[in-house]
Amino acid sequence: ATPVAKGTFTAGNGWQMVKFDAPQKGRYVAIEALSTQNGKDEVAIAEIYLRDANGQRLSREPWTVKYADSEEIRRGNYTADKTYDLQESTYWRTGKGAKLPHLMVIDLGSEQTVSGLDYLPRAEEGAPGSIKDYRLFVLP
């Protein structure tokens, strides 16, 4: 598949937005983490939102996780569904020892028009596990 966006997130805490060159229609959104800010293999995402064609945040109510290549469940509940649970203090974290790249696919519940993504790394100092290089995909 061809990514709808690829780039590098800024290091640190706080929301970051990726705007696509053009709105894309699809039911699935895939986030591929190619590297992390700290150079380690573990990835963590606190929250994500997707933007509709008008730039408004889409409802996350119908979302489900279609796939996550790794989830840390041995040392806590860090499953991929934490990326849209409305709690910035919870997060998805990949399992210890799982190697990059990491991939998470979200089923939006129906076909949507998506124009961008909002990404929030963990809130702790240094934003552990935050993504550096990424690719985003919108799939039918």
Taking T94 for its side chain and E71 for its backbone only, find out whether a donor-acceptor pair lies under 3.5 Å. no
Backbone N or O of R74 within a donor-acceptor pair of the E72 side chain at under 3.5 Å? yes
I'd like to know if the side chain of D107 and the backbone of G109 have a donor-acceptor N/O pair within less than 3.5 Å. yes
Backbone of Q87 reached by a side-chain donor or acceptor of E47 within 3.5 Å: yes
Output yes when a side-chain donor or acceptor of Y84 lies under 3.5 Å from a complementary backbone atom of I106, and no otherwise. no
Within the side chain of H102, is there an N or O that forms a donor-acceptor pair under 3.5 Å with the backbone of I31? no
In terms of hydrophobic clustering (I, L, V, M, F, W, Y; side-chain heavy atoms under 4.5 Å; direct or indirect links), are I131 and F20 co-clustered? yes
State yes or no: are the ring centers of Y78 and W92 separated by less than 6.0 Å? no
Evaluate the side-chain contact (heavy atoms from CB on, under 4.5 Å) criterion for residues L120 and I45: first the C-alpha distance (whole Å), next the side-chain angles of each, then the deciding distance (0.1 Å), finally the verdict. CA-CA 6 Å; L120 183 67; I45 299 175; over 6 Å; no
Counting only N and O atoms by type, is there a donor-acceptor contact under 3.5 Å from the side chain of S115 to the main-chain atoms of D52? yes
Begin with the C-alpha distance, continue with both residues' side-chain angles, and end with the deciding distance and a verdict on side-chain contact (heavy atoms from CB on, under 4.5 Å) for L117 and M17. CA-CA 6 Å; L117 175 131; M17 183 179 176; over 6 Å; no
Side-chain heavy atoms under 4.5 angstrom apart, residues restricted to Ile, Leu, Val, Met, Phe, Trp, Tyr: same cluster for I48 and L136? yes
For F9, is there any backbone N or O sitting under 3.5 Å from a side-chain donor or acceptor partner on Q37? yes
Would you mind checking if R122 and E42 are paired as a salt bridge, meaning a charged N to carboxylate O distance below 4.0 Å? no
Looking only at atom types and distance, does a side-chain atom of Q24 sit under 3.5 Å from a main-chain N or O of A22, one as donor and one as acceptor? yes
Rounded to the nearest 0.5 Å, what separation is found between the OG1 atom of T2 and the CZ atom of R135? 9.0 Å
For Y67 and L103, run side-chain contact (heavy atoms from CB on, under 4.5 Å): C-alpha distance rounded to whole Å, both residues' side-chain angles, the deciding distance at 0.1 Å, then the answer. CA-CA 8 Å; Y67 174 81; L103 181 69; 4.0 Å; yes
Does CG in L139 sit with more than 12 non-hydrogen atoms of other residues, nucleotides or ligands closer than 6.0 Å? yes
Under a 3.5 Å threshold, yes or no: a donor from one side chain and an acceptor from the other, between T90 and D85? yes
Do L58 and M104 sit in one hydrophobic cluster, given that two such residues count as connected whenever their side-chain heavy atoms are within less than 4.5 Å of each other, even indirectly? yes
For a 4.5 angstrom cut-off between non-hydrogen side-chain atoms, does V138 reach Y28? no
Residue pairs meeting side chain to side chain donor-acceptor pair (under 3.5 Å), one or both in residues 5-16, sequence neighbours left out, come to T8-D133
